[in-house]
Colleague: 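I have a structure I would like to understand better, so I am pasting it below and will then ask my questions one at a time.
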Amino acid sequence: MKHAPFIAVEGPIGAGKTTLATMLAGELQLPVIKEIVEENPFLDKFYQNMDDWSFQLEMFFLCNRYKQLEDTVNQYINKGKPVISDYHIYKNLIFGERTLKGTKREKYREIYHVLTDDLPKPDIILYIRADLDTLLARIAKRGRQFEEDIAPAYLQQLIEDYDAAMASLALTEPSTVIVTIDGNQVDFVENKEDFTRVASQLKELMK
Ligand SMILES: Nc1ncnc2c1ncn2[C@@H]1O[C@H](COP(=O)(O)OP(=O)(O)O)[C@@H](O)[C@H]1O
Ligand SMILES: Nc1nc2c(ncn2[C@H]2C[C@H](O)[C@@H](COP(=O)(O)O)O2)c(=O)[nH]1
């Protein structure tokens with residue numbers, strides 16, 4: 001790779017993004033950028049009533065990620081330093097297209113493009129795919145109260161949205177390397193060999 005890479009770990013809710021990004025940052029001595037979740041004032045309201053709260057929630061995520069991405073660009077990317085994050089800002093569009101309707105969706109889409117089109121995109125995406133049972137088990141294991149009532153149908157839609165989004169990114173951002181990890185089989189938490197394989201693959205890509 002010609003320059004220090006910007007790496008993003010992606011996948012649906014509970015796939016293991018934060019866990020893998022944190023482990024890789026430790027192994028490869030990289031700074032890690034993590035999503036702001038606990039301080040989000042709209043998430044629990046959103047899970048109780050998606051139609052009422054989706055616009056506020058999506059805008060909150062978008063503004064937070066925009067600020068984090070700006071800081072990441074200034075602190076690392078513009079200085080030629082590699083960095084790993086537990087999300088790609090494109091996930092705003094994945095969620096926004098799913099949760100918003102009508103004019104709010106159109107306005108949100110426009111704001112997303114105005115804010116992000118000229119910002120650097122990750123060079124490498126580690127995409128963790130996992131099926132519904134795996135995600136439900138990991139969300140339960142994580143034990144966040146506001147996620148207890150996530151509808152399986154919503155999660156299943158997100159699984160499909162993520163697959164479609166990664167296929168679309170492969171076409172629209174051909175220079176981005178997308179590595180798909182089978183999150184049902186590859187257990188980078190319990191199985192050291194599985195983690196070593198993922199870390200070695202990333203090290204090779206970074207050369
Ligand atoms: N490969 C894995 N095997 C078993 N548990 C995992 C695995 N990856 C993540 N977990 C656990 O699943 C939960 C969700 O992981 P997390 O990294 O928070 O997911 P995400 O950031 O994608 O939402 C956490 O409790 C984490 O410890
Ligand atoms: N509607 C949206 N929800 C989002 C978005 N980003 C994250 N989330 C939710 C999903 C989880 O409940 C929680 C943490 O996300 P993880 O994927 O890290 O588990 O926040 C979003 O853009 N829109």
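Start at 1 and go down the list; that is how both ligands and their atoms are numbered. Here, residue 1 is the first one in the sequence, and each next residue gets the next number.
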Colleague: How close does the nearest protein non-hydrogen atom get to atom 15 (O) of ligand 2, and which residue and atom is it?
Modeller: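 So the nearest neighbour among protein heavy atoms is Glu35 OE2, 3.8 Å.
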Colleague: Using modelled atom types only, decide if a donor and an acceptor are shared between the side chain of Glu10 and the backbone of Tyr127 within a distance under 3.5 Å.
Modeller: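 Side chain of Glu10 to backbone of Tyr127, a donor-acceptor pair under 3.5 Å: no, none is there.
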Colleague: Kindly identify the option in Phe95, Tyr87, Phe60, Trp53 whose heavy atom sits closest to atom 2 (C) of ligand 2.
Modeller: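 Residue with the shortest heavy-atom distance to the ligand atom: Phe95.
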Colleague: How far is atom 13 (C) of ligand 2 from the closest protein heavy atom, and which atom is that?
Modeller: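 In this structure, atom 13 (C) of ligand 2 has Glu147 OE2, 3.4 Å as its nearest protein heavy atom.
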Colleague: Could an N or O of ligand 1 be found under 3.5 Å from any N or O of Thr18, whether backbone or side chain?
Modeller: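 Between Thr18 and ligand 1 (N or O atoms, distance only) the closest approach is under 3.5 Å.
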Colleague: For atom 22 (O) of ligand 2, which candidate among Arg142, Arg65, Met50, Glu38 provides the closest heavy atom?
Modeller: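 Answer by nearest heavy atom: Arg65.
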Colleague: Is it the case that ligand 1 has an N or O less than 3.5 angstrom from some N or O of Ala15?
Modeller: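 It does: an N or O of Ala15 is found under 3.5 Å from an N or O of ligand 1.
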Colleague: Backbone N or O of Lys34 within a donor-acceptor pair of the Gln68 side chain at under 3.5 Å?
Modeller: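 The answer is yes, because a donor-acceptor pair under 3.5 Å joins these two groups.
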Colleague: Which one of Arg138, Arg142, Gln185, Glu35 has a non-hydrogen atom at the shortest distance from atom 10 (N) of ligand 1?
Modeller: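 Among Arg138, Arg142, Gln185, Glu35, the closest heavy atom to atom 10 (N) of ligand 1 comes from Arg138.
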Colleague: Spell out, as yes or no, whether a donor-acceptor pair under 3.5 Å connects the side chain of Asn64 to the backbone of Phe60.
Modeller: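 Checked: pair present.
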Colleague: Which residue holds the protein heavy atom closest to atom 4 (C) of ligand 2, what is that atom called, and what is the gap in Å?
Modeller: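 Minimum-distance protein heavy atom for atom 4 (C) of ligand 2 reads Phe61 CE1, 3.3 Å.
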Colleague: Could you find the nearest protein heavy atom to atom 23 (N) of ligand 2 and give me its residue, atom name and distance?
Modeller: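 So the nearest neighbour among protein heavy atoms is Glu58 OE1, 2.7 Å.
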Colleague: Do other residues, nucleotides or ligands put more than 12 heavy atoms under 6.0 Å from Lys203 NZ?
Modeller: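 More than 12 heavy atoms, drawn from other residues, nucleotides or ligands, come within 6.0 Å of this atom.
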Colleague: Quick test of your reading of the structure: of Lys141, Lys17, Arg144, Met23, whose heavy atom lies closest to atom 4 (C) of ligand 1?
Modeller: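 Going through Lys141, Lys17, Arg144, Met23 one by one, Lys141 has the nearest heavy atom to atom 4 (C) of ligand 1.
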Colleague: Check whether Lys121 reaches the backbone of Leu119 with its side chain - one donor and one acceptor, N or O, closer than 3.5 Å.
Modeller: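 Pair found, side chain donor or acceptor close to backbone of Leu119.
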Colleague: Look only at the side chain of Arg129 and the backbone of Asp182, and say whether a donor-acceptor pair between them is shorter than 3.5 Å.
Modeller: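 Absent.
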Colleague: Would you indicate which of Ile13, Asp187, Asn184, Val189 comes nearest to atom 7 (C) of ligand 1 when only heavy atoms are counted?
Modeller: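 Selected option, by shortest heavy-atom distance: Val189.
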Colleague: Counting non-hydrogen protein atoms only, what is the nearest one to atom 14 (C) of ligand 2? Give residue, atom name and distance.
Modeller: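 Result: Arg144 NH1, 3.6 Å.
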